[in-house]
Amino acid sequence: MKYKALIISLLALVILQACSKDETNEGPNSINKIVNKQPTGSSANDILSDNKFKSIVIELAYIEGYKPTANAIEYFQDFVNSTSYKPGGITIVENAIPSLGNSEYTIEEIADIEEANRTKYNIGDAITIWVFFVDGKSDKDTNESVVLGTAYRNTSFVIFEETVRSFSDGPFEPNRSLLEATVVNHEFGHLLGLVNFGSDMQMPHEDSEHNRHCDEESCLMYWEAVSTSGFNNIMNTNAPPQLDAQCLADLQANGGK
Ligand SMILES: [Zn+2]
Ligand SMILES: [Zn+2]
């Protein structure tokens with residue numbers, strides 16, 4: 001048993017590198033990558049409501065051999081459906097990527113992999129999300145804690161799948177699909193603007209010691225999934241943690257369900 005805190009996520013800001021090939025002006029259906037390279041939380045309303053975007057396309061990218069469980073994908077799809085008004089539906093497109101052989105990644109390296117491999121960008125009334133399951137670990141891991149996922153742009157987040165696997169399905173460890181679903185739903189929650197990160201708080205509930213996270217321990221948006229101080233909500237349940245009433249109120253006030 002490994003005595004390390006499992007930090008669900010860090011938030012990283014990848015500085016927008018605008019370059020001319022990111023922009024094209026060739027009609028309404030041309031690809032404009034810049035709209036998918038904005039700060040985390042800034043597209044919360046676009047993802048939650050059907051004002052501008054009627055459907056959502058999730059590009060589920062993974063390093064070959066690191067695809068998440070079918071159960072986790074199902075939990076995620078259900079979660080998106082429970083938060084966002086998308087009458088045009090939710091589509092998941094898989095993208096298997098060969099390993100680069102790295103054992104550790106900076107968030108800049110993760111963004112470079114996205115740049116080289118992402119195939120879906122907003123088009124028409126479809127908004128697109130890039131979810132990437134990577135081999136190797138975060139360069140932010142320490143002896144005391146490991147990072148399971150990071151939301152780094154308005155429509156992009158990464159899951160450190162190798163780390164998730166090493167802390168699941170063992171004795172005293174959570175079930176793998178539940179841990180995967182917890183991390184995926186949590187990172188998606190940041191894209192939805194939680195907490196105080198694009199969806200305004202209706203009542204104060206931001207954790208003062210862990211910015212952009214909820215202060216309610218049982219909430220999906222709590223900063224820590226599992227720790228030595230207490231295996232919280234995913235050890236003895238068969239579903240990932242839910243959003244608490246405060247987080248739900250924030251989403252509803254920003255156009256969500
Ligand atoms: Zn987080
Ligand atoms: Zn909450």
Side-chain angles (χ1 to χ4, degrees), residues 4-24 31-44 46-47 58-68 93-122 127-167 180 183-184 186-194 197-198 210-213 223-225:
K4 283 187 181 180
L6 304 192
I7 297 181
I8 302 184
S9 73
L10 292 179
L11 291 163
L13 177 63
V14 175
I15 302 302
L16 175 63
Q17 302 274 347
C19 68
S20 55
K21 73 178 165 55
D22 284 342
E23 282 185 290
T24 56
I31 290 175
N32 177 4
K33 291 184 176 184
I34 289 205
V35 297
N36 291 98
K37 292 184 175 182
Q38 301 301 315
T40 307
S42 63
S43 292
D46 288 344
I47 301 171
I58 295 164
E59 184 167 2
L60 191 107
Y62 55 88
I63 297 292
E64 286 167 359
Y66 289 86
K67 186 177 166 178
V93 181
E94 294 185 12
N95 180 358
I97 299 169
S99 176
L100 302 176
N102 295 9
S103 60
E104 189 177 295
Y105 293 90
T106 65
I107 207 65
E108 289 74 18
E109 288 168 332
I110 294 292
D112 287 345
I113 296 173
E114 177 184 358
E115 179 68 30
N117 293 280
R118 181 167 176 164
T119 64
K120 304 292 180 193
Y121 292 89
N122 295 0
I127 191 165
T128 61
I129 308 285
W130 162 265
V131 187
F132 179 40
F133 295 79
V134 72
D135 57 349
K137 61 189 179 102
S138 164
D139 70 324
K140 300 289 189 295
D141 285 5
T142 69
N143 287 333
E144 286 78 43
S145 66
V146 298
V147 177
L148 301 179
T150 303
Y152 59 95
R153 281 181 178 148
N154 59 332
T155 63
S156 309
F157 60 89
V158 61
I159 308 299
F160 293 96
E161 175 68 11
E162 189 173 329
T163 307
V164 168
R165 289 186 183 190
S166 73
F167 287 92
E180 286 172 342
V183 182
V184 173
H186 176 102
E187 300 308 333
F188 184 71
H190 287 310
L191 303 195
L192 298 180
L194 296 172
F197 200 29
H210 302 280
N211 287 347
R212 312 312 190 192
H213 289 99
W223 68 284
E224 190 181 53

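Counting only distance, with no hydrogens or angles, the side chain of Asn95 and the backbone of Asn117 share a donor-acceptor pair below 3.5 Å. Listed for the Thr150 side chain is no donor-acceptor partner under 3.5 Å among the backbone atoms of Tyr152. The backbone N or O of Thr163 lies less than 3.5 Å from a partner atom in the side chain of Ser166, making a donor-acceptor pair.
Not counting sequence neighbours, the partners of Phe188 by the ring-ring contact (aromatic ring centres under 6.0 Å, His included) test are Phe76. With sequence neighbours excluded, the residues satisfying salt bridge (charged side-chain N to carboxylate O under 4.0 Å, His left out) with Glu104 are Lys137. Residues forming a side chain to side chain contact (heavy atoms under 4.5 Å, CB included) with Lys120 (at least two apart in sequence, or on another chain): Val57, Glu59, Val93, Thr128. By the side chain to side chain donor-acceptor pair (under 3.5 Å) test, Asp46 pairs with no residue at all, sequence neighbours left out. In this view, Ser42 satisfies the side chain to side chain donor-acceptor pair (under 3.5 Å) rule with no residue, not counting sequence neighbours. Ser43 pairs by the side chain to side chain donor-acceptor pair (under 3.5 Å) definition with Asn154, not counting sequence neighbours. Annotation: salt bridge (charged side-chain N to carboxylate O under 4.0 Å, His left out) contacts of Glu161 (sequence neighbours excluded): Arg165. Under the side chain to side chain contact (heavy atoms under 4.5 Å, CB included) criterion, Asp112 pairs with no residue at all, not counting sequence neighbours. Every residue two or more places apart in sequence or in another chain was checked for a side chain to side chain donor-acceptor pair (under 3.5 Å) with Tyr66, and none qualifies. Considering only residues two or more places apart in sequence or on other chains, Phe132 meets the ring-ring contact (aromatic ring centres under 6.0 Å, His included) condition with Trp130. Glu94 pairs by the salt bridge (charged side-chain N to carboxylate O under 4.0 Å, His left out) definition with Lys67, not counting sequence neighbours.
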Run the side-chain contact (heavy atoms from CB on, under 4.5 Å) check on Arg118 and Thr155 step by step: do they pass? CA-CA 11 Å; Arg118 181 167 176 164; Thr155 63; 3.2 Å; yes
Passes ring-ring contact (aromatic ring centres under 6.0 Å, His included), His210 versus Trp223? Steps please. CA-CA 7 Å; His210 302 280; Trp223 68 284; 3.7 Å; yes
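Here CG of Asp141 is found 8.5 Å from CG of Leu148. Values are rounded to the nearest 0.5 Å. In this structure, OG in Ser156 is found 7.5 Å from CG in Leu191, a value given to the nearest 0.5 Å. The line from CD of Glu187 to CD1 of Ile159 is 5.0 Å long, rounded to the nearest 0.5 Å. Atom CD1 of Ile110 and atom CG of Asn102 lie 8.5 Å apart (nearest 0.5 Å). The CD1 atom of Ile127 lies 14.0 Å from the OH atom of Tyr121; values are rounded to the nearest 0.5 Å. Atoms CD1 and CZ, on Ile129 and Arg153 in that order, are 13.0 Å from each other to the nearest 0.5 Å.
Taking each heavy atom of Gly193 and Ala44 in turn, the nearest pair found is N-CB, 3.8 Å. Taking both residues in full, the closest heavy atoms of Glu180 and Pro68 are given as OE2-CA, 3.5 Å, listed atom of the first, atom of the second, then distance. Residue Ala151 comes nearest to His190 through the heavy atom pair CB-CB, 3.9 Å, listed as atom of the first residue, atom of the second, then distance. Taking both residues in full, the closest heavy atoms of Ala96 and Glu64 are given as CB-CG, 4.1 Å, listed atom of the first, atom of the second, then distance. When all heavy atoms are compared, the tightest approach of Ile97 to Ala61 is CD1-CB, 4.0 Å.
Taking the six-membered ring where tryptophan is involved, the planes of His213 and His186 are essentially parallel, since the angle between them stays under 30° and well short of 60°.
No side-chain heavy atom of Val183 sits under 4.5 Å from any side-chain heavy atom of Phe160. Put simply, the side chain of Asn36 does not reach to within 4.5 Å of the side chain of Glu114, judged on heavy atoms.
Under the 3.5 Å distance criterion, with hydrogens and angles disregarded, a donor-acceptor pair is assigned to the side chains of Tyr105 and Asp135. No side-chain N or O of Asn122 forms a donor-acceptor pair with one of Asn32 less than 3.5 Å apart.
Taking a cutoff of 4.0 Å between a charged side-chain nitrogen and a carboxylate oxygen, Glu115 and Lys37 qualify as a salt bridge.
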